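Keep in mind that this is a model prediction, so the values were computed, not measured. What you see below is based on every heavy atom in this structure, not just the backbone, and it leaves out hydrogens, waters and symmetry mates.
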Amino acid sequence: QPALSPDEKSVAFLRIVGSGSDLWVRDLSRGTETRFTSDPSTNIAPNWSPYGDRIVFGSNRKGGVYNLYQKATGSGKEELLLPSNIADNPTQWSRDGRFIVYAENDPKNRRDLWVLPTEGAAANRKPIPFLTTEFNESFGQLSPDNHWMAFTSDRSGRSEIYVRPFPPSDGEWTISITGGSQPRWRGDGKELFFEATDGKIMAVPVRAVPGAKPSFEPGIPVVLFDAHMVATGNAFQYDVTADGKRFLIATTGGPGTASSPPLTVVINWTSPLKK
């Protein structure tokens with residue numbers, strides 16, 4: 001569950017510890033690691049604030065249900081953001097810092113998308129439902145300008161990527177063609193990335209015009225590469241730099257493992273031509 005810091009100099013990630021898991025932060029230039037959480041519970045899904053000073057994450061330390069917590073990246077105490085009896089899983093801290101996007105796993109209504117405001121008095125930070133249906137909606141991602149929400153839904157019988165205006169209004173556009181999950185925006189909002197059902201990372205150019213009559217034009221998905229990504233679950237297993245040129249992926253293997261494409265070298269290949 002890797003998450004790049006806004007300056008792209010650090011990565012927060014999950015590491016299994018005994019029967020639970022903790023979050024760690026790795027300095028990418030120095031190669032050093034710092035333990036971010038130290039709790040016997042399961043801590044998941046790190047998401048950086050746009051200033052890099054805090055991380056919001058999910059934890060089941062209060063009786064088994066995942067709640068939203070935040071903690072300063074320097075030092076400090078974990079703060080419970082949203083007490084709830086229903087499991088919540090954060091998927092993004094918006095790039096302007098105003099919203100935390102999360103999926104609520106309601107046993108009666110499956111997974112729904114919600115938004116938690118982060119500004120103003122604590123008493124006024126009421127969760128806002130974005131999309132609640134009888135299907136599973138997850139992996140909510142606000143565009144860099146906060147005008148669009150990309151997400152995954154299984155309403156068609158398989159997971160596909162969709163985009164809707166934000167705040168919620170009329171209009172919806174299908175991004176993937178043959179299934180997909182885990183959408184991520186490029187830093188300028190002109191391209192979407194996602195994982196296809198066959199494990200490949202796809203890129204889709206988009207043209208978006210917000211307003212009273214929003215217009216959104218997705219292009220044709222293009223294959224970038226085969227990610228060999230680990231099983232997804234309900235948390236992102238990759239992140240991408242703001243320019244869209246580098247990906248950080250939790251993979252099932254690396255160079256030299258069975259999951260890597262084999263490289264075949266043929267030597268003296270001209271000798272059969274002489275016969």
So, for [X] and [Y], which heavy atoms are closest and what is the spacing to 0.1 Å?
X      : Y      : result
Arg111 : Ser138 : NE-CB, 3.8 Å
Ile249 : Met229 : CG2-CG, 4.0 Å
Asn67  : Pro83  : OD1-CA, 4.3 Å
Leu28  : Glu8   : CD1-O, 3.8 Å
Ser94  : Leu142 : CB-CD1, 3.9 Å
Val240 : Arg184 : CG1-CB, 4.0 Å

Solution key, residues 198-210 side-chain donor-acceptor pairs under 3.5 Å, sequence neighbours excluded:
| unit_1 | atom_1 | unit_2 | atom_2 | d |
| --- | --- | --- | --- | --- |
| Asp198 | OD1 | Lys200 | N | 3.2 |

Nearest-0.5 Å distance, [atom1] of residue [X] to [atom2] of residue [Y]:
X      : Y      : atom1 : atom2 : result
Glu104 : Ser84  : CD    : OG    : 5.5 Å
Ser153 : Arg110 : OG    : CZ    : 9.0 Å
Arg54  : Ser49  : CZ    : OG    : 5.5 Å
Met149 : Gln92  : CE    : CD    : 7.0 Å

Please confirm whether the backbone N or O of [Y] pairs with a side-chain atom of [X], one donor and one acceptor, at under 3.5 Å?
X      : Y      : result
Trp185 : Pro144 : no
Asp154 : Asn136 : yes
Ser5   : Ser10  : yes
Gln182 : Gln237 : yes
Ser176 : Ile161 : yes
Asn89  : Asn234 : yes
Asn60  : Thr42  : yes

Consider only side-chain N and O atoms of [X] and [Y], and report whether a donor and an acceptor are under 3.5 Å apart.
X      : Y      : answer
Thr241 : Asp243 : yes
Asn43  : Asp22  : yes
Thr32  : Asp27  : no
Ser181 : Glu195 : no

Exercise. So Asp39 and Thr37, side chain to side chain donor-acceptor pair (under 3.5 Å) or not? Walk me through it.
Worked result: CA-CA 6 Å; Asp39 193 274; Thr37 62; over 6 Å; no
Contact check, side chains of [X] and [Y], non-hydrogen atoms, under 4.5 Å:
X      : Y      : result
Tyr162 : Ser156 : yes
Pro46  : Gln1   : yes
Val25  : Thr73  : no
Phe166 : Val115 : yes
Pro117 : Ile128 : yes
Thr152 : Pro183 : yes
Phe216 : Ile175 : yes
Tyr238 : Leu248 : no

Same hydrophobic cluster for [X] and [Y], using side-chain heavy-atom links shorter than 4.5 Å among ILVMFWY?
X      : Y      : result
Ile44  : Ile16  : yes
Trp48  : Phe36  : yes
Leu116 : Val56  : yes
Leu80  : Leu23  : yes
Phe99  : Tyr102 : no

For this session: Just do the side-chain contact (heavy atoms from CB on, under 4.5 Å) check on Ile100 and Leu82 with the steps written out, would you?
Result: CA-CA 11 Å; Ile100 291 172; Leu82 187 62; over 6 Å; no
Exercise. Quick one: do Glu33 and Arg35 make a salt bridge, cutoff under 4.0 Å?
Worked result: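 Arg35 and Glu33: not salt-bridged.
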Exercise. Would you call Arg164 and Glu137 a salt bridge, taking side-chain N to carboxylate O under 4.0 Å as the test?
Worked result: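 So Arg164 does not pair with Glu137 through a salt bridge.
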Exercise. Within a reach of under 6.0 Å around CZ of Arg246, are more than 12 heavy atoms found that belong to other residues, nucleotides or ligands?
Worked result: no
For this session: Could you walk me through whether Glu79 and Lys77 pass salt bridge (Lys or Arg N to Asp or Glu O under 4.0 Å), step by step?
Result: CA-CA 6 Å; Glu79 175 190 354; Lys77 194 174 181 181; over 6 Å; no
Exercise. side-chain contact (heavy atoms from CB on, under 4.5 Å) between Val11 and Asp239: does it pass, once the steps are laid out?
Worked result: CA-CA 9 Å; Val11 57; Asp239 206 347; over 6 Å; no
For this session: Cation-pi check, Lys71 to Phe57: give yes when NZ or CZ is under 6.0 Å from the six-membered ring centre and within 45° of the ring axis, no otherwise.
Result: no
Exercise. Are Phe247 and Phe193 close enough that their ring centres sit under 6.0 Å apart?
Worked result: yes
Exercise. Side chain to side chain donor-acceptor pair (under 3.5 Å) with Ser159: which residues, sequence neighbours excluded?
Worked result: none
Exercise. When the ring planes of Phe151 and Phe130 are compared, do they come out parallel, tilted or perpendicular, using 30° and 60° as the limits?
Worked result: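 Phe151 and Phe130: perpendicular rings.
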Exercise. Do Arg155 and Thr133 pass the side-chain contact (heavy atoms from CB on, under 4.5 Å) test, and can you show the C-alpha distance, the side-chain angles, and the key distance before you say yes or no?
Worked result: CA-CA 9 Å; Arg155 75 185 65 167; Thr133 73; 5.6 Å; no
For this session: Could you walk me through whether Phe194 and Phe139 pass the ring pair (Phe, Tyr, Trp, His ring centres under 6.0 Å) test, one step at a time?
Result: CA-CA 10 Å; Phe194 67 90; Phe139 296 107; over 10 Å; no
